[in-house]
Amino acid sequence: MKKSVCMLFCAVFCTLLSFAAGGKEIKAGTPAHCVKTFYTCMANGDFAKAQKLINTKELQDMIKLLEALVKETPDLKKDAGAEFSAISKCEIVSEKIDGNTAKVVISYQDKGKEKKDTVNLKKINGIWKIDD
């Protein structure tokens with residue numbers, strides 16, 4: 001049951017955020033770097049670091065819930081990592097910065113199908129954070 005809940009949670013979370021970066025070199029401190037780092041953290045189970053890259057409380061709470069599920073059932077860490085691993089390998093299609101906001105468009109393979117998504121970011125105290 002817990003495994004099913006975790007898999008459902010991962011699927012919903014991926015659908016809500018559906019973004020990442022990969023393929024070409026990404027400069028540190030950019031919106032694309034924030035996105036790439038977030039998904040790498042999620043794939044590796046580094047939930048504490050991933051939370052620091054999020055600007056919205058709702059998404060931070062979702063990560064905390066996933067972290068709690070993983071602590072209760074350690075086998076879920078591997079399953080959650082697999083869900084985020086594919087997304088963490090996607091390509092940056094574009095990155096548009098407009099003052100303290102940015103949009104990163106990515107493409108990635110999900111079960112053999114190409115998907116494109118847009119990630120909204122906001123610069124908070126000089127640091128880019130996901131603001132979806």
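Every value quoted in this text rests on a predicted model; they were computed, and no experiment measured them.
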Report yes or no: does [X] contribute a side-chain atom to a donor-acceptor pair with the main-chain N or O of [Y] at less than 3.5 Å?
X	Y	answer
Lys129	Ile124	no
Glu95	Ala32	yes
Gln60	Asn55	no

Residues Lys96, Val105; criterion side chain to side chain contact (heavy atoms under 4.5 Å, CB included); working and verdict
CA-CA 9 Å; Lys96 183 177 180 183; Val105 177; over 6 Å; no

Side-chain contact, heavy-atom cut-off 4.5 Å: [X] with [Y]?
X	Y	value
His33	Trp128	no
Thr56	Leu59	yes
Lys123	Thr101	no
Ser94	Val104	no

When rounded to the nearest 0.5 angstrom, what distance separates [atom1] in [X] from [atom2] in [Y]?
X	Y	atom1	atom2	answer
Ile106	Lys89	CD1	NZ	14.5 Å
Asp117	Lys115	CG	NZ	7.5 Å
Cys41	Leu53	SG	CG	6.0 Å
Met62	Leu65	CE	CG	8.0 Å
Glu114	Ser107	CD	OG	4.5 Å
Asp61	Glu67	CG	CD	12.0 Å

Partners passing side-chain hydrogen bond (donor to acceptor under 3.5 Å, both in side chains) against Lys27 (at least two apart in sequence or in another chain):
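side-chain hydrogen bond (donor to acceptor under 3.5 Å, both in side chains) check on Lys27 returns nothing, list empty.
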
Would Met42 and Phe47 count as a side chain to side chain contact (heavy atoms under 4.5 Å, CB included) here? Give the steps.
CA-CA 6 Å; Met42 293 299 290; Phe47 303 115; 3.8 Å; yes

Ile97 and Leu121: same hydrophobic cluster, using ILVMFWY side-chain contacts below 4.5 Å?
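Ile97 and Leu121: one cluster.
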
Asn120 and Lys103 side chains, donor-acceptor separation under 3.5 Å
yes

